[in-house]
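Below you'll find the structure, written out as structure tokens, and then a few comments.
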There are 2 protein chains.
Amino acid sequence: MPSDAYPAPFVIQRNLVDQVVDYLTESILAARFAPGERLSEAGLASELGISRAPVREAARLLESRGLLVSRPRRGFFVRSLDVAELNDVFDLRIGLERHAFERVMLRFDEDIEQSLKQQIERLCDVASGHDESAKIEEDIAFHRRVFELAGNPRLLRAFDDLSFELRLCITLITRTHDTPESIAASHWRLLDALRSGDPERCREEVDYHIGVARDSVIERLADGHNSANHPNNHQ
Amino acid sequence: MPSDAYPAPFVIQRNLVDQVVDYLTESILAARFAPGERLSEAGLASELGISRAPVREAARLLESRGLLVSRPRRGFFVRSLDVAELNDVFDLRIGLERHAFERVMLRFDEDIEQSLKQQIERLCDVASGHDESAKIEEDIAFHRRVFELAGNPRLLRAFDDLSFELRLCITLITRTHDTPESIAASHWRLLDALRSGDPERCREEVDYHIGVARDSVIERLADGHNSANHPNNHQ
DNA sequence: CTGATCCAAACTGTCGACAGTCGTCAATCG
DNA sequence: CGATTGACGACTGTCGACAGTTTGGATCAG
């Protein structure tokens with residue numbers, strides 16, 4: 001008997017907490033909740049037709065993901081990032097991506113190349129369309145693939161943790177209008193760098209790639225979307 | 001921890017969740033709970049004289065810190081790391097420390113040097129004693145100081161998140177018996193590398209330093225402490 | 001004696017309720 | 001008229017309870 005292991009998701013018995021986590025995550029990233037907005041436990045619970053306990057536990061999880069902040073005796077608020085925090089997120093991302101790319105480079109082979117090529121092609125497919133959300137997700141998916149290929153699950157988790165804040169950064173602004181060609185080209189350059197086997201060059205390409213993304217976000221944030229977005233840190 | 005908001009801690013009104021988080025964290029890291037051990041919500045709650053709700057919320061938080069793993073409908077278990085996971089933790093640590101050291105190097109000045117010198121001296125103070133726990137904490141404190149000086153709170157939080165797993169790695173084994181001199185010397189070398197302003201050299205020193213720590217842990221894990229530690233890894 | 005089956009105890013997931021706290025706003029006072 | 005105080009309402013922190021599930025042992029067939 002396979003008594004040990006395998007949660008066996010035959011019948012996916014999702015508990016309420018996970019469902020609430022997904023619901024809240026999507027709601028925040030789809031900007032259905034405004035940054036800084038207070039989330040009422042009771043309100044959410046009754047809205048979802050459940051009790052407050054699962055909502056509270058879900059909120060704790062979202063807090064650890066950086067999507068919510070809790071103020072004792074006040075409740076949970078949707079995280080709102082200022083420019084400094086946004087810079088910090090991208091700075092950490094650079095550190096993580098450098099590491100992931102280096103690890104991938106060390107084990108680069110035909111399979112990895114194919115895998116990344118496929119990912120870029122999927123990115124190209126949606127890049128010509130008008131589904132901005134899909135572009136963002138495929139962009140992130142490419143980078144996530146790199147972290148998968150790095151072969152370190154813990155490193156991947158660090159990226160996943162950060163990616164929620166990353167999406168939050170992007171949610172805060174209107175999406176960039178890069179051309180499909182430029183989006184594709186910038187990712188082909190990363191693959192080329194990996195292929196070259198030159199660590200120095202790879203670092204530079206990663207720094208440039210992430211730097212462009214960061215500047216794009218910051219630029220738009222400065223363009224006016226920052227107004228009336230008082231960050232939720234007081235006194 | 002990572003959170004913001006310093007709302008006048010005149011009267012420290014700690015809620016139960018935070019207290020339970022601290023209690024559990026300390027219990028796990030002090031090896032009062034065995035790796036892989038099941039934690040009964042009801043048991044803990046009655047033991048602490050509280051209800052299960054705060055215990056559950058605290059456990060969720062510990063899960064996000066990597067100290068507990070939850071199995072649906074089964075409860076929470078103390079995380080137990082196998083050699084592969086342990087390698088992953090240290091690999092991520094290398095990535096983070098490289099980045100932190102680089103950032104510190106870019107803004108290196110007299111104040112930073114003094115701050116790190118103080119930290120190393122505190123490390124030396126405890127290194128000659130017999131309080132192994134203090135040695136570990138001061139060792140981690142030095143590295144945490146580097147992350148603070150890097151000037152990126154998000155990067156610091158990433159280290160804090162990882163540091164719990166790091167402590168867990170160390171908890172799993174008997175502590176290394178490095179001499180006080182070698183402990184001090186290895187950290188002086190890191191400071192020297194920072195002072196040199198040479199990124200390449202800094203990376204190498206960091207890689208070496210963390211690598212030694214990793215090997216030390218792995219070596220002792222292989223020495224026999226791994227037996228009967230069936231990992232409870234899922235997801 | 002081995003292995004499958006069944007049952008009771010223990011536990012998790014979820015709920016509704018209560019008490020204490022915080023923010024708001026109107027009434028009061030200088 | 002502006003500042004202060006106090007009460008009201010909303011909400012969080014915490015608790016005890018119930019139902020369905022898992023676990024481990026007792027029971028029974030082979």
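Below, chain A is the first sequence line, B the second, and so on; all start at residue 1.
Salt bridge status for Arg60(B) with Glu57(B): absent, with no side-chain N to carboxylate O gap under 4.0 Å.
Applying side chain to side chain contact (heavy atoms under 4.5 Å, CB included) to Ile210(B) and the options Ile94(B), Asp91(B), Leu96(B) leaves one that passes, Ile94(B).
For Arg38(B), the listed nucleotide lying nearest its side chain is dT23(D); candidates were dT23(D), dC15(D), dT14(D). Set against dT12(C), dT14(C), dT14(D), the side chain of Ser40(B) has dT12(C) as its closest nucleotide. Comparing dT14(D), dT14(C), dG23(C) by their nearest atom to the side chain of Arg74(A) picks out dG23(C).
Using a 4.0 Å cut-off, no side-chain N or O of Arg73(A) falls inside it from OP1 or OP2 of dG20(C).
Taking atom CD of residue Glu41(B) and atom P of nucleotide dA17(D), one finds them 17 Å apart after rounding to whole Å. Atom CG in Asp18(B) sits roughly 16 Å away from atom P in dT12(D) (whole-Å rounding). dA10(D) atom P lies 22 Å from atom CZ of Phe76(A), rounded to whole Å. Look at CZ on Phe77(A): it is 9 Å from P on dG23(C), rounded to the nearest Å. Going from atom CG of Leu16(B) over to atom P of dG16(D) covers 12 Å, rounded to whole Å. Between Glu63(A) atom CD and dT12(D) atom C1' the separation is 14 Å, expressed in whole Å. Rounded to an integer number of Å, the gap from CD of Glu57(B) to C1' of dC15(D) is 12 Å. Leu48(B) places its CG atom 16 Å from the C1' atom of dG13(D), with the value rounded to the nearest Å.
In this structure, the ring of His209(B) has its center less than 6.0 angstrom from the ring center of His187(B).
Between Val146(A) and Val104(A) the shortest heavy-atom distance is O-CG2, 3.3 Å.
At a threshold of 4.0 angstrom between heavy atoms, the contacts of Arg56(A) include nucleobase atoms, whether or not backbone atoms are also involved. The residue Leu44(B) sits apart from the nucleic acid: no heavy atom pair falls under 4.0 Å.
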**Q.** side-chain hydrogen bond (donor to acceptor under 3.5 Å, both in side chains) between Arg167(A) and Ser163(A), worked out
**A.** CA-CA 6 Å; Arg167(A) 289 186 178 89; Ser163(A) 75; 3.2 Å; yes
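A donor-acceptor contact under 3.5 Å links the side chain of Arg52(B) to the base of dG13(C).
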